[in-house]
Number of protein chains: 4
Amino acid sequence: MSRSESPLVKLRREEKEVRKGLILDAATALFSRLPFDQVGMREIATEVGISPAAIYRYFSDRDELFVEVLCREVESVYDRLARVAEGGEPMLERLATAYVTCLTDNRALFQIMTYFMAGGEIRAERLERFNQIQRRLLDLFQRQFPGGHSAARSRLLAHALFASLNGVLISFLNYPGREAEERRSHVVRLAKAVAQVFAQGGR
Amino acid sequence: MSRSESPLVKLRREEKEVRKGLILDAATALFSRLPFDQVGMREIATEVGISPAAIYRYFSDRDELFVEVLCREVESVYDRLARVAEGGEPMLERLATAYVTCLTDNRALFQIMTYFMAGGEIRAERLERFNQIQRRLLDLFQRQFPGGHSAARSRLLAHALFASLNGVLISFLNYPGREAEERRSHVVRLAKAVAQVFAQGGR
Amino acid sequence: MSRSESPLVKLRREEKEVRKGLILDAATALFSRLPFDQVGMREIATEVGISPAAIYRYFSDRDELFVEVLCREVESVYDRLARVAEGGEPMLERLATAYVTCLTDNRALFQIMTYFMAGGEIRAERLERFNQIQRRLLDLFQRQFPGGHSAARSRLLAHALFASLNGVLISFLNYPGREAEERRSHVVRLAKAVAQVFAQGGR
Amino acid sequence: MSRSESPLVKLRREEKEVRKGLILDAATALFSRLPFDQVGMREIATEVGISPAAIYRYFSDRDELFVEVLCREVESVYDRLARVAEGGEPMLERLATAYVTCLTDNRALFQIMTYFMAGGEIRAERLERFNQIQRRLLDLFQRQFPGGHSAARSRLLAHALFASLNGVLISFLNYPGREAEERRSHVVRLAKAVAQVFAQGGR
DNA sequence: GATGAATGAGTATTCATTCAT
DNA sequence: AATGAATGAATACTCATTCAT
């Protein structure tokens, strides 16, 4: 890397970053609106107002684009949780609620996360960057299990809590036969229950 | 409905049921062997030794076939858990371990379950029959939270536990960068932790 | 292999063979009419009056289809040459003329042959069946160099003659700035010259 | 045309010529390294270190660029052959060997030549400048058939020899199932055979 | 009851080329 | 003189599903 960058180059790079962002925005918007497998390159391109081919200037791959959506969104979730973690008790419950609320309101994130998690090892290989963020998320959870736990134990509990909340979302966010609002509140109720259980039982 | 059924009709119905079972067997076998998106109608047909078109005599839809695989497998899981529930303490832990072990060893079930859960409302609408079985499963879990709980409370905990175990599977069964065996044992460890936490905290 | 085949199965197989032939015919016709890279699966399908997808019931691949066109056409060339080889002197000249005439009148064959020859090793791997036919063609040529030659020598001459005729076609069949008819007759004239040279010099 | 050219204009023209040369160099290098259809404008541009769009300042077309590569390379072949033609006997054999050796070692030239020759009339129309060089090459060959031949006869033989050598290259340079070195030596052997045959029979 | 045949709709990706800056 | 951005057009292939026989 050159020590300084010509302002012009920098400008262009930033502009490119902006356009990249627009594509990610479009994809995110679509994921919030449509089921996963109806979001193709064509749809995304149309949403941004460019041609499908243009997307490939910014992402080498469909999966690369998806991963970046995933990372961006999960990062925003992390930020939100980090702020929540600065507040008061009952910490676990507040974190859990915040987490599932984020995912509930952010269908894009929920869908993509599920896609990659369910996708098996193949897909998983491209997730390196995502894994880092996920680890920070796990760290955040882990810090809520300090007590007399060993590091290993608190890590385990963090994993378990994180997984449990994902499970709540996956198992009940689309639970059929109820209204969306009903499902939403059930998910939150479950998340709270999980949090309480971990708060009491995770000692 | 005619009050009684002619033996001949009955026979034919049973034969049909048998053939249906063979198709379901084939699909299940394939799902255990291959990643989800490599299991198509053609593959299933080939595995049974019939033509793809013939499958449509027994199932109106690909999804209907999948749902039946799901039901059948989940039923077998139910049976297993029911037997486990007759054993001794620590009940929750033993149930949890049994549940994740089943799903870990039964990739077919795991894959299809994920498919439908992640598939959103559209897919979920076809799951009516599955939901009944799932309810019985939830009942089973619920009975483990008897104490001084209200029915609503124990139901909630059952939901929460069930969801948590699903989450453990989905979040960590394909976790990248580890060996299959390692992942498997991590999943069991997490399931146990979850069970313990629910046992202590779910009161 | 079962010793006998049910007539019904045989019939179906033959019908399939016929349909396969129709596709090959269509492709051949297109190659005679259009430059190579304008002959795609879509065009072929349209020409036969079926959908592109249907082609894949008969050929697993675009290249497989092309190879079969190649084989079929080259086989017909072989038959023609074999008949010519039964006639009288001047043998080499008559064979050469027949060969280039065939290829000149059969643009399909000429184009595909060039495609595979120029395509490098990659393409060449799929040509096993074609190579057998080509070898028979070379045998035919070889038999015209009997004299006092060693087998190796006459094989070499056969290769050389065969290659030379191909070269005449490739180098002058599209030679620009002349009329088609003019080019055609120039090619024949050259083929004759080559044949004569080989007849006199190849001793 | 102005009778004289301002030095400045001349300079600029020369600079342009130089840059053009760099592009041709890059393309040539790539063709020597990669199969034909992996050499695109982007690759060439990258190799030179400019943008694809910039190439269009120097060449109106991809084909124009290719033609110029072709011309330049064939010119160098001509020079080499011209020097060979100054040597002693057996002339035809030495020329033939030199020709196929050049083409064998210069994959760029071989690939592009094949591309244009196989491309049909469409492509051929753009080859006017190439044809002039080719004619000089043919002249060179023609001078080796002096004897008692009419001009027309020796021209014909020159065409035939030239075409035959091309045919040897195209027919056997990629012949499958042998090692590169084996193919190379077979090509040379055939070229020699062709030359001998023409030397004896072309009288 | 079964099947061979056929298909329509769908998808990601590539590339030479253009143009405003 | 150069380029970053953008694109239109193209393409092979897949798959669940239908239907006449």
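Throughout, a chain's letter reflects where its sequence line sits, starting with A, and its residues are numbered from 1.
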Would you indicate what [X] reaches in the nucleic acid, counting non-hydrogen atoms under 4.0 angstrom: base, sugar-phosphate, or nothing?
X	value
Arg42(A)	base
Arg19(D)	sugar-phosphate
Tyr58(D)	sugar-phosphate
Arg62(D)	sugar-phosphate

Rounded to whole angstroms, how far apart are [atom1] on [X] and [atom2] on [N]?
X	N	atom1	atom2	result
Arg57(D)	dT3(F)	CZ	C1'	10 Å
Ile50(B)	dA2(E)	CD1	P	7 Å
Ile23(B)	dG1(E)	CD1	P	11 Å
Arg12(D)	dA1(F)	CZ	C1'	11 Å
Ile55(B)	dC15(F)	CD1	C1'	13 Å
Glu43(C)	dA12(F)	CD	C1'	11 Å
Gln38(C)	dA10(F)	CD	C1'	12 Å
Glu17(C)	dA5(E)	CD	P	11 Å

Give the nucleotide from the list [options] with an atom nearest to the side chain of [X].
X	options	result
Tyr56(C)	dC13(F), dT7(E), dT17(E)	dC13(F)
Ser51(D)	dT3(F), dA2(E), dC13(F)	dT3(F)
Lys16(C)	dT3(E), dT7(F), dA5(E)	dA5(E)
Ala53(A)	dT3(E), dA2(F), dT7(F)	dT7(F)

For the side chain of [X] and the backbone of [Y], is there at least one donor-acceptor N/O pair under 3.5 Å apart?
X	Y	value
Gln111(A)	Phe36(A)	yes
Glu43(B)	Gly40(B)	yes
Ser32(C)	Thr28(C)	yes

G-U wobble or Watson-Crick pairing nucleotide for dA9(F) (cut-off 3.5 Å, both distances):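 Partner of dA9(F): dT14(E).
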dA1(F): pairing nucleotide in any strand, Watson-Crick or G-U under 3.5 angstrom: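 Per the H-bond distance test, none.
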Pair Phe31(C) + Phe66(C): ring centers closer than 6.0 Å: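 Yes: the rings meet the under 6.0 Å criterion.
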Upstream residue (5' side of DNA chain F) when Pro52(A) and Ser60(B) are each assigned their closest nucleotide: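 It is Pro52(A), whose closest nucleotide lies nearer the 5' terminus.
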Along DNA chain F (nearest heavy atom to each residue), the more 5'-positioned of Asp37(C) and Glu15(A):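 With Asp37(C) and Glu15(A) compared, the 5'-side residue is Glu15(A).
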Given Arg19(C), Arg72(C), Lys20(C), the one that forms salt bridge (charged side-chain N to carboxylate O under 4.0 Å, His left out) with Asp25(C):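 Option passing the salt bridge (charged side-chain N to carboxylate O under 4.0 Å, His left out) with Asp25(C): Arg72(C).
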